[in-house]
Student: 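One structure follows; several queries about it will come next.
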Number of protein chains: 2
Amino acid sequence: MAKLDSVPAPTLRRFPNYLTLLKQHLQDGQSHISCTHIAQDLDMTAIRVRKDLEMTGVVGRPRVGYPILPLVEAIEQLLGWNEPSRAILVGAGNLGSAIIGYAPLGQMGLKIMGIFDNDAHKIGTRIQGQTVLTTEQMPEMIRNHSIDIGILTVPEKVAQEVADSMVSAGLSAIWAFTPRPITVPEGVVVERVQLAASLAVLMGRMLEEDRRVPARAG
Amino acid sequence: MAKLDSVPAPTLRRFPNYLTLLKQHLQDGQSHISCTHIAQDLDMTAIRVRKDLEMTGVVGRPRVGYPILPLVEAIEQLLGWNEPSRAILVGAGNLGSAIIGYAPLGQMGLKIMGIFDNDAHKIGTRIQGQTVLTTEQMPEMIRNHSIDIGILTVPEKVAQEVADSMVSAGLSAIWAFTPRPITVPEGVVVERVQLAASLAVLMGRMLEEDRRVPARAG
DNA sequence: GTCACACTGTTAACCGAATCACACTGTAGA
DNA sequence: TCTACAGTGTGATTCGGTTAACAGTGTGAC
Ligand SMILES: NC(=O)c1ccc[n+]([C@@H]2O[C@H](COP(=O)([O-])OP(=O)(O)OC[C@H]3O[C@@H](n4cnc5c(N)ncnc54)[C@H](O)[C@@H]3O)[C@@H](O)[C@H]2O)c1
Ligand SMILES: NC(=O)c1ccc[n+]([C@@H]2O[C@H](COP(=O)([O-])OP(=O)(O)OC[C@H]3O[C@@H](n4cnc5c(N)ncnc54)[C@H](O)[C@@H]3O)[C@@H](O)[C@H]2O)c1
């Protein structure tokens, strides 16, 4: 039985990796897999894999490993990927369009029910078969279709404002791609995708590497 | 004087947040800022801010705070954002195009010197004023222009293969947007932007929240 | 049947980052 | 000049996650 304890964020972050690997092995006809095998496939330690899988409540058998199908189902349940969550996207710009067109989100339980923008040139056009609606229609759709997740890809300046109107319409989670933090009331979950943070780590590590090995002439 | 110790990744990740805030205050004409002020602006604790700023080596004064300009310069130096790093992007698809068009990357020391794809329909077209080149030309450009960073936005299937050819041409860092991990030789830095991981955290936390408060009827 | 051992489950040790507590400092104000 | 105190700097503590150590177990081999 799956634990109801809260799953650590690092583990949540690794779950998708396990999922893709497990599904692949499932398709190859395997029914069980050991954590040592998973570990070397994903370039991590077996212990960490075991600890992560422990969160699912699925028990493995010595010399056999874990049953793959129950694992997949347990992880998907912990992530809520077993049944679709209704989402909307606001800000049909460059990034927004890329996300809308990213098919794998469907496998992650994300169902984009509406796309909104406030640019007159974009409203009414179609992106991946979905018509772009005006921002004014957003609260109504959130309420009528009990939307759970708002994907925020508007310019930084209006991000807080749009987030506010999402929340007041009843959204419970926001997936924000804007560089600045946004504030929301208690109970609403915000997850930010910080591209700048990722780049900072990359370049910081790069400099360190250069510092260790006196860079090749440039 | 800036420490040469390695900066913890969590701190690196927060640096960009400080930078945007600091630059904004600088533009408002302020010369100093206290960590308590920064903390409440970014919704974090003052202690964490102080510890992070400690890495820069900049010293603050009681009742006055830290001098903003030196802080900005120190952080940019630690991130390598003070002088442009040459980069190329491979995979001029939806996501790749969005990244190319994302102006703020310029402020982060990233200079995209070339765009590559292997789709005959895309080669020769222009994205944001830059012509898309064939993948065959990539190693040559990496060598001739001593490119440091490769931005990887190709489909998952060919990601490893493209990464390999980047590395063998002499790249020292890869910014990968592909869902599966890629392996590189020692000394090459890889930073992955994992959208799925971010979504997993969002939805996992959402479920937890629902579990705590027995969700509104749906 | 029984033996070996690959693999699991669990408790303990470890480590790095976040947080705390508090002494120190030098400015602003009286 | 003196005082109060906002704000820094630092050593000590806590915490969460990772890693290690090891006992337990049931499968597969013979
Ligand atoms: N493009 C990238 O690669 C990238 C990367 C990281 C983060 N981001 C962030 O994502 C956001 C969008 O980036 P982008 O490159 O797609 O910009 P963009 O300008 O292409 O798209 C923004 C869209 O939002 C719409 N919009 C503006 N105000 C609105 C409002 N009040 N209500 C609804 N829609 C509104 C605009 O009409 C436009 O279509 C920005 O905050 C940016 O910082 C972008
Ligand atoms: N679109 C998104 O929102 C999104 C989000 C997260 C991750 N990703 C990942 O980013 C990558 C690209 O996604 P996308 O949506 O832009 O896909 P896309 O199909 O729009 O773009 C991929 C591009 O790569 C090119 N390409 C294919 N093989 C190549 C090769 N061997 N050499 C050079 N170029 C090649 C294609 O011609 C195409 O232009 C994928 O790995 C995807 O998983 C995309």
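Letters go in sequence order (proteins before strands), and every chain restarts at 1. As the structure is a prediction and not an experimental result, all values here were calculated from the model.
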Student: Rounded to the nearest Å, what distance is computed from the CZ atom of residue B:Arg48 to the C1' atom of nucleotide C:dA17?
Tutor: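 Roughly 10 Å, once rounded to whole Å.
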Student: To the nearest Å, give me how far apart CD1 (B:Ile47) and P (C:dC20) are.
Tutor: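 These atoms are roughly 5 Å apart.
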Student: Return the value, rounded to whole Å, for the distance between atom CD of A:Glu54 and atom C1' of C:dT11.
Tutor: 11 Å
Student: Taking heavy atoms of chain A and a 4.0 Å limit, find me the 5'-most and 3'-most nucleotide of DNA chain D within that range.
Tutor: D:dG17 to D:dG28
Student: Please determine whether salt bridge (charged side-chain N to carboxylate O under 4.0 Å, His left out) holds for the pair B:Glu208 and B:Arg205, giving the CA-CA distance in whole Å, both sets of side-chain angles, and the decisive distance to 0.1 Å.
Tutor: CA-CA 5 Å; B:Glu208 254 173 51; B:Arg205 291 274 167 270; 2.8 Å; yes
Student: Quick one about B:Gln160 and B:Asp164 (side-chain donor to acceptor, distance below 3.5 Å, no hydrogens or angles considered), yes or no?
Tutor: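 Looking only at side-chain atoms, B:Gln160 and B:Asp164 do form a donor-acceptor pair, the distance falling under 3.5 Å.
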Student: Could you check if a side-chain atom of A:Phe15 sits within less than 4.5 angstrom of a side-chain atom of A:Leu12, using non-hydrogen atoms only?
Tutor: yes
Student: Does A:Tyr66 make a side-chain N or O approach to OP1 or OP2 of C:dA6 shorter than 4.0 Å?
Tutor: no
Student: Which nucleotide wins on minimum distance to the side chain of B:Arg63, given the candidates C:dT27, C:dT8, C:dA17?
Tutor: C:dT27
Student: What pair of heavy atoms forms the shortest contact from A:Leu202 to B:Ala173, and how long is it?
Tutor: CD1-CB, 4.0 Å
Student: Send over the distance from A:Asp52 CG to C:dT10 C1', rounded to a whole Å.
Tutor: 16 Å
Student: Could you state the CE-C1' distance from B:Met55 to C:dA18, rounded to the nearest angstrom?
Tutor: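 Whole-Å distance recorded here is 15 Å.
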Student: So which one's nearest nucleotide on DNA chain D is more toward 5', A:Arg14 or B:Gly65?
Tutor: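 Between the two, 5'-proximity favours B:Gly65.
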Student: Which residues, if any, of residues 28-45 of chain B bring a heavy atom under 4.0 Å of DNA chain D?
Tutor: B:Ser34, B:Cys35, B:Thr36
Student: I'd like a table of donor-acceptor pairs (distance under 3.5 Å, sequence neighbours excluded) in which one partner is a side-chain atom from residues 35-47 of chain B, with atom names and distances.
Tutor:
unit_1	atom_1	unit_2	atom_2	d
B:Thr36	OG1	B:Ser34	OG	2.9
B:Thr45	OG1	B:Arg48	N	3.3

Student: Is the count of non-hydrogen atoms from other residues, nucleotides or ligands lying under 6.0 Å from A:Lys23 atom NZ greater than 12?
Tutor: yes
Student: If the test is side-chain contact (heavy atoms from CB on, under 4.5 Å), which one of A:Val167, A:Asp148, A:Ile88 qualifies with A:Ile142?
Tutor: A:Ile88
Student: What does A:Arg50 touch in the nucleic acid at a heavy-atom separation under 4.0 angstrom: a base, only the sugar-phosphate, or nothing?
Tutor: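 Base, at least one base atom sits under 4.0 Å.
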Student: Quick one: are A:Trp175 and B:Leu195 in side-chain contact, heavy atoms under 4.5 Å?
Tutor: yes
Student: Once you round to the nearest 0.5 Å, how far does CG of B:Leu105 lie from CH2 of B:Trp81?
Tutor: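 Answer rounded to 0.5 Å: 9.0 Å.
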